[in-house]
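A note on names: the letters A, B, ... follow the listed sequences, proteins ahead of strands, and every chain is numbered from 1. Computed from a predicted model, the values in this text were never measured in an experiment.
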There are 2 protein chains.
Amino acid sequence: MTTIKDIAKAAGVSITTVSRALNGYSDVNEKTRKKIIEIAKQLNYSPNTLARGLVMNKSKTIGLLVSGLTRESTKDNFTFEVLAGVNQYVSEVDYDMVLFSTTSTKQREKTYTQLCRERRVDGAILQGIRVDDPYLQEVVESDIPCVLIDIPIESETVGYVTTDNVLGAKKAVQHLISLGHRHIAMINGYEFAFVSEQRLKGFQEALFEAGLPFHEHLVANGAFKEERAEQEAVRLLTQHPEITSFFCASDLMALGVMKAAKTLGKRIPEELAIIGYDDIILASYTTPPLSTIAQNKFAMGYEAAKLLIEMLEGKAQSRVRVLETELKIRESTVKNHG
Amino acid sequence: MTTIKDIAKAAGVSITTVSRALNGYSDVNEKTRKKIIEIAKQLNYSPNTLARGLVMNKSKTIGLLVSGLTRESTKDNFTFEVLAGVNQYVSEVDYDMVLFSTTSTKQREKTYTQLCRERRVDGAILQGIRVDDPYLQEVVESDIPCVLIDIPIESETVGYVTTDNVLGAKKAVQHLISLGHRHIAMINGYEFAFVSEQRLKGFQEALFEAGLPFHEHLVANGAFKEERAEQEAVRLLTQHPEITSFFCASDLMALGVMKAAKTLGKRIPEELAIIGYDDIILASYTTPPLSTIAQNKFAMGYEAAKLLIEMLEGKAQSRVRVLETELKIRESTVKNHG
DNA sequence: CTGAAAGCGCTAACAG
DNA sequence: CTGTTAGCGCTTTCAG
């Protein structure tokens, strides 16, 4: 593997000059630079980023920390789309991305902070981490620049990107109300999720603004899981037959509710309207296609990476990015819509 | 950031001793080691992997090189599942993974080899790369250990993992034949794909063994794209009304054929049976659910990572892994199967 | 069992 | 415009 030393020797100059020439410094004779670049090419030189990182004390690498990158989690490809977005921006600005997954028991032994420190990543993006994750606080309090996805923590070194979940939920519920629904149930995620809290708030606001009562007993937690949501939906529909529609805090859970409806012989949307959240790919392929609140997950990843790198380079205006959502009306709420 | 130097000072020993103690060498007094480890913990020490990588000349990092990690490609989450599998194994053996994507124009300027060399990855896994990719040959001929997914190249430093595509295709077609189909069309991928070639072979073998004729004109290329497949299916069905079933080289293309059937008013599976390949998540959610040949994509990633790291550590028995596929019979070929 | 010293490949003052 | 020198944090001979 060629080094700048080899190039220096071949060009008859010092390694300093080679370094400067290759890094585009101005104070190098154009002739020398040409020559050096030529030789570098001939020798098939690749800079050693480890060495560079060591001396510069930064690696031009960011870490993407995700949880639940498992065989099962591929159904809801939220993580993947975010990753694709991160990757896109990162490669545009010539950074690299290393993926830290916290699924394996092996890695669990190391905290996020350790993971980041050891690899000397310049910063990290955290996605799919629970608010009550024991290591979250540690990394946030460390000096590692972080951007969180859907967790609203802000500090000198921490920012976040999220969508307007209150408004998103509100739009969904208003859509149901506008269709004449008065007994709307909600399947939420779990307690320790910021988005669940926000979406519940939006649910309540929409009801309130329409002059409808909020009934605690019409809200259940489905843990963002299809099966759990199905069970809860069956329970709710059995105990409260007045329910005519469901607002679900994720599409995956909406799929569960659709199964429940099928089990109970309820036609969608005539007897039961269902709206989800996320707009996962499956949503437009179910029968009937699922109405939902679309989040641009790719954009979330892209913006998170952008924000992080702006923070790293000291040119971030603010440390918060809130993206918009979009109501997608399909046939699970309106017959023959498409 | 604490270094071994700090620990050495605090412990009153040399940095050499610290290094040895922390790396579990045997020739260190147990008391000294205990003390050093204790101090390291107190000082919140994290080893600098850049420095270590520089001197050891290996980074314990592998590169995952994928193409087409775009906003659009998330529908077919093949890439994602492979990535999840790679990540799983990699984290089990305490390696890290850096993701190189070749979508952006920025990165395109660098060859795969350069990407790998600069980051000093110990080896690379390549997925979704076309056989005719100009940079593929370069990286394969370099000294960088590589594992390819679905590209059969083998050398001292190159291995691959794939599934038995001939057999997989054969199973699909035999299934159609067993249902009584005699006029079977095929929507293949594209010319420069190893898997397409193999699946075509399986298609032909199944026909041959059943004593059925192979008609070139019943095979079309859909470029692994839903829309292209749809167009080709419409064309085939129009030109050759005798067709009663389709074997598609990917599920995504099978979705396209399903659309074509709908357009032409053909009922599935009564008037047109369709079988795909891959078993993507969507396959079980379409109406009717799609019969297909399932590939365990997670396992492909996992095995690729395993093979690569075995190769790196000099304990790979062979450099080829062929995984099995499984026929999943759903309602796009057999009425009321589920 | 422990330490001194060299060096991995690179950048960054500081002198010329 | 160019070279000398001194490290970045770590591992690894080679001597004790």
**Q** Can you confirm whether A:Lys60 is buried at NZ, in the sense that more than 12 heavy atoms of other residues, nucleotides or ligands lie under 6.0 Å from that atom?
**A**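 Enclosed: over 12 neighbouring heavy atoms sit under 6.0 Å from NZ of A:Lys60.
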
**Q** Report yes or no: does A:Thr49 contribute a side-chain atom to a donor-acceptor pair with the main-chain N or O of B:Glu118 at less than 3.5 Å?
**A**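 Answer holds: yes.
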
**Q** List the atom of B:Val131, the atom of B:Ala193, and the distance in Å for their closest heavy-atom pair.
**A**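 Closest heavy-atom pair between B:Val131 and B:Ala193: CG2-CA, 4.5 Å.
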
**Q** Under the criterion side-chain hydrogen bond (donor to acceptor under 3.5 Å, both in side chains), I'd like the reasoning laid out for A:Thr61 against B:Arg119: C-alpha separation, chi angles, the key distance, then a yes or no.
**A** CA-CA 10 Å; A:Thr61 303; B:Arg119 281 290 158 180; 2.5 Å; yes

**Q** By the definition side chain to side chain contact (heavy atoms under 4.5 Å, CB included), identify the one residue from A:Gln42, A:Lys34, A:Lys35 that meets it with A:Glu38.
**A** A:Gln42

**Q** How about A:Glu313: does its CD atom have over 12 heavy atoms from other parts shown lying under 6.0 Å from it?
**A**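 Yes - once you tally the heavy atoms of other residues, nucleotides and ligands closer than 6.0 Å, there are more than 12.
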
**Q** Generate the contact string for nucleotides 9-16 of chain D. Rules: B means base contact, S means sugar-phosphate contact only, - means no protein heavy atom under 4.0 Å.
**A** BBBB----

**Q** Assess whether a salt bridge exists between B:Glu30 and B:Arg33, defined as any Lys/Arg side-chain N lying under 4.0 Å from an Asp/Glu carboxylate O.
**A**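 Salt bridge between B:Glu30 and B:Arg33, a charged N being under 4.0 Å from a carboxylate O: yes.
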
**Q** Residues two or more places apart in sequence or in another chain: which of them pass side chain to side chain donor-acceptor pair (under 3.5 Å) with B:Gln295?
**A** B:Thr163, B:Asp278

**Q** The criterion is side chain to side chain donor-acceptor pair (under 3.5 Å); which residues satisfy it with B:Asp132, sequence neighbours excluded?
**A**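 B:Arg130.
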
**Q** Using 30° and 60° as the class boundaries, would you call the ring planes of B:Tyr135 and B:Tyr112 parallel, tilted or perpendicular?
**A** perpendicular

**Q** Reading DNA chain C from 5' to 3', where do the contacts with chain B start and stop? Cut-off is 4.0 Å to heavy atoms.
**A**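 Both ends considered, the range comes out as C:dC1 to C:dG9.
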
**Q** Return yes if a side-chain donor-acceptor contact under 3.5 Å exists between B:Ser14 and B:Thr17, otherwise no.
**A**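 Present: a donor and an acceptor within the cut-off.
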
**Q** Hey, is CD on B:Glu138 packed in by over 12 heavy atoms from elsewhere, all under 6.0 Å?
**A** yes

**Q** In degrees, rounded to 10°, what is the bend between the two ends of the helix from C:dC1-D:dG16 to C:dG16-D:dC1, using five pairs at each?
**A** 40°

**Q** Contacts to DNA chain C from residues 30-39 of chain A, heavy-atom cutoff under 4.0 Å, which residues?
**A**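 Within residues 30-39 of chain A, no residue comes under 4.0 Å of DNA chain C.
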
